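Some notes on the structure that comes next.
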Amino acid sequence: MPIEIVHTYLVHPNKNQPEPTAIVGSPVPHEGEMFDLMKSVYEKADSECNIGIGFKKDAAGGQANARRDMLTAYAATPSVDLGRSLAEQLGLVTTRRSGLGLLFLIKGKEGTDHKVVISRFRANNGVLVNEAADMLTVEFIDRVFMKNAHSYKAVVYKHASLQGGFWTGMAVDKQINSQDFESSDYWVRDFLLSDFITSPAFGTRRLAVALKKAIRTTDDLEVKQQITAAATLASGLGSESISVDGFCNKFGFTPNTKAAVIGQLDRADLAADNFLFNAEEFKKQLPLRTVKLDNGAMLTADAGAFDDVFEHEAQADGGKIKFSTVGAVVSEKLEKGR
């Protein structure tokens with residue numbers, strides 16, 4: 001069986017607390033429904049954790065990271081005390097807003113690889129109901145720990161060597177896709193002392209350039225229209241985890257459009273690389289949208305506001321569209337033809 005041991009810790013929000021609450025932990029028995037849940041978390045981590053992260057180097061740029069040292073020490077000889085050192089660090093960066101959490105450390109071995117899964121379940125409120133023959137007993141509970149779809153956090157590390165490996169991992173943080181940056185930052189950056197392998201700016205730039213090249217190289221009008229429509233809507237996206245492949249699916253690209261975009265990447269596998277979307281970088285790469293008509297006219301406006309600047313109306317004769325706008329002339333220029 002790949003799982004060797006599981007430890008769990010009740011982690012209090014100890015950030016900025018003059019007297020941090022002690023962290024209590026214990027092993028999880030290898031039986032029963034609790035272990036079945038941990039087995040599911042362990043097995044699903046490889047698919048659920050889809051954001052690449054890496055431990056930061058020290059201030060001098062050397063290969064040293066205090067949190068990685070704690071992780072590899074635990075992976076080498078898992079114990080309640082070594083695991084508690086990680087739980088204590090999580091508590092020191094957890095605010096009252098993030099609340100009480102239950103931390104799980106799951107150590108296993110898959111072939112020659114060591115594997116460690118770190119998972120946090122947030123506390124929720126609940127109601128316990130006991131049913132008797134003629135009455136119900138209702139009790140309020142404020143420590144119900146669930147794998148919440150909106151706040152679940154986990155990271156998985158896997159490598160054959162504890163000395164040379166465990167520098168990178170794959171994470172999931174459901175709050176990354178929210179605008180609650182405090183809640184999303186503390187898991188990867190504050191607790192794990194890590195950062196995203198593909199930076200938001202670099203990943204967004206790669207996506208924008210692929211969209212731009214796909215429009216430029218295709219003669220298929222439908223492909224061009226799908227990409228420009230998606231680019232217009234994308235300017236309103238928040239800071240969410242996405243990939244080039246995920247972007248294409250999110251905006252309903254046809255197989256031809258998707259292939260045109262992915263074909264502009266340096267490697268096809270980069271389409272699955274996840275990153276945090278950066279709206280400012282996207283606008284920087286694709287600031288303008290231009291529509292060229294068969295009568296020689298070219299209409300250009302800010303990509304996010306094009307449909308507000310130009311009214312367009314389909315004509316009765318089929319493929320023709322009437323564009324119109326009203327404004328004061330503030331500039332004119334002549335440009336070399338493309």
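Here, residue 1 is the first one in the sequence, and each next residue gets the next number. Worth saying up front: this structure is predicted, and the values here are computed from it rather than measured. Reckoned from all heavy atoms, side chains included, excluding hydrogens, waters and symmetry mates.
- The two residues Ala214 and Ala260 make their nearest non-hydrogen contact at CB-O, 3.6 Å.
- By the 30° and 60° cut-offs, the orientation of the rings of Phe35 relative to His30 is parallel.
- Residues Val24 and Tyr9 are not in side-chain contact: their nearest non-hydrogen atoms beyond the backbone lie 4.5 Å or more apart.
- Judged purely by atom type and a 3.5 angstrom limit, Asp113 uses its side chain to pair as donor or acceptor with the backbone of Ala160.
- Clustering ILVMFWY residues whenever any of their side-chain heavy atoms sit less than 4.5 angstrom apart, transitively, puts Leu82 in the very cluster that holds Phe191.
- Judged by distance alone, with hydrogens and angles left aside, the side-chain atoms of Thr218 form no donor-acceptor pair with the main-chain N or O of Ile215 at under 3.5 Å.
- If you take CD on Gln89 and OG1 on Thr94, they are separated by 10.5 Å, rounding to the nearest 0.5 Å.
- Ring pair Phe282/Phe247 is tilted by interplanar angle, where 30° to 60° counts as tilted.
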Below 3.5 Å, can you tabulate the donor-acceptor pairs from side chains in residues 206-213 to any protein atom, sequence neighbours excluded?
residue: Arg206; atom: NH1; partner: Asp273; partner atom: OD2; Å: 3.1
residue: Lys212; atom: NZ; partner: Gln285; partner atom: O; Å: 3.2

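- Using bins of under 30°, 30° to 60° and over 60° for the plane-to-plane angle, the ring pair His114/Phe166 lands in the perpendicular bin.
- When the salt bridge (Lys or Arg N to Asp or Glu O under 4.0 Å) test is applied to Glu281, the partners found at least two apart in sequence or on another chain are Arg205, Lys284.
- In this structure, Phe196 and Ile53 approach most closely via the heavy-atom pair CD2-CG2, 4.0 Å.
- Here Arg84 pairs with Asp81 under the salt bridge (Lys or Arg N to Asp or Glu O under 4.0 Å) rule; sequence neighbours left out.
- Side-chain contact between Asn274 and Thr198: absent, with no pair of heavy atoms (C-beta onward) separated by less than 4.5 Å.
- Partners of Asp219 by salt bridge (Lys or Arg N to Asp or Glu O under 4.0 Å), not counting sequence neighbours: none found.
- Counting non-hydrogen atoms of other residues, nucleotides and ligands closer than 6.0 Å to CZ of Phe251 gives a total above 12.
- Using modelled atom types, one side-chain atom of Thr8 and one backbone atom of Leu103 make a donor-acceptor pair closer than 3.5 Å.
- Rounded to the nearest 0.5 Å, atoms CG (Leu86) and NE2 (His7) are 12.0 Å apart.
- In terms of modelled atom types and a separation under 3.5 Å, the side chain of Gln226 and the main chain of Thr254 share a donor-acceptor contact.
- Residues in residues 254-267 take part in these salt bridge (charged side-chain N to carboxylate O under 4.0 Å, His left out) pairs, two or more places apart or across chains: Asp245-Lys258, Arg267-Asp269.
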Exercise for review: With side-chain contact (heavy atoms from CB on, under 4.5 Å) as the test, would you mind laying out the steps for Val244 and Val261 before giving the verdict?
Suggested key: CA-CA 8 Å; Val244 174; Val261 174; 4.0 Å; yes

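- Tracing side-chain contacts under 4.5 Å through hydrophobic residues (I, L, V, M, F, W, Y), one never reaches Ile118 starting from Leu92; they form parts of separate clusters.
- The shortest heavy-atom contact between Trp187 and Val172 is NE1-O, 4.1 Å.
- Across every non-hydrogen atom of Lys15 and Thr95, the tightest pair is CD-CG2, 3.6 Å.
- For the pair Lys115 and Tyr42, the cation-pi criterion (under 6.0 Å, within 45° of the ring axis) is fulfilled.
- Rounded to the nearest 0.5 angstrom, Ile3 CD1 and Glu43 CD are separated by 6.5 Å.
- Annotation: side chain of Val223 is not in contact with side chain of Phe253 (no heavy-atom distance under 4.5 Å).
- Remark: Glu222 CD to Asn256 CG distance equals 7.5 Å, nearest 0.5 Å.
- Here the shortest heavy-atom pairing between Val80 and Pro27 reads CG2-CD, 3.9 Å.
- The shortest distance between side-chain heavy atoms of Val11 and Arg120 does not fall below 4.5 Å.
- For Lys224, there are no side-chain hydrogen bond (donor to acceptor under 3.5 Å, both in side chains) partners two or more places apart in sequence or in a different chain.
- Note that CH2 of Trp167 and CG of Asn65 are 5.5 Å apart. Values are rounded to the nearest 0.5 Å.
- Connection of Leu37 to Val28 is established within a shared hydrophobic cluster, with ILVMFWY side chains joined at heavy-atom distances below 4.5 Å, either directly or through further cluster members.
- Judged purely by distance below 3.5 Å, without hydrogens or angles, the side chains of Arg96 and Gln17 pair a donor atom with an acceptor atom.
- To the nearest 0.5 angstrom, Ile51 atom CD1 is 11.0 Å from Ile197 atom CD1.
- The two residues Phe121 and Ser119 make their nearest non-hydrogen contact at CE1-OG, 3.4 Å.
- Remark: side-chain polar atoms of Asn278 are not paired, donor with acceptor, to backbone N or O of Pro200 under 3.5 angstrom.
- Contact check for Asp46 versus Lys158: side-chain heavy atoms found under the 4.5 Å cut-off.
- Under a 3.5 Å cut-off, the side chain of Thr204 and the backbone N or O of Ala201 do not form any donor-acceptor pair.
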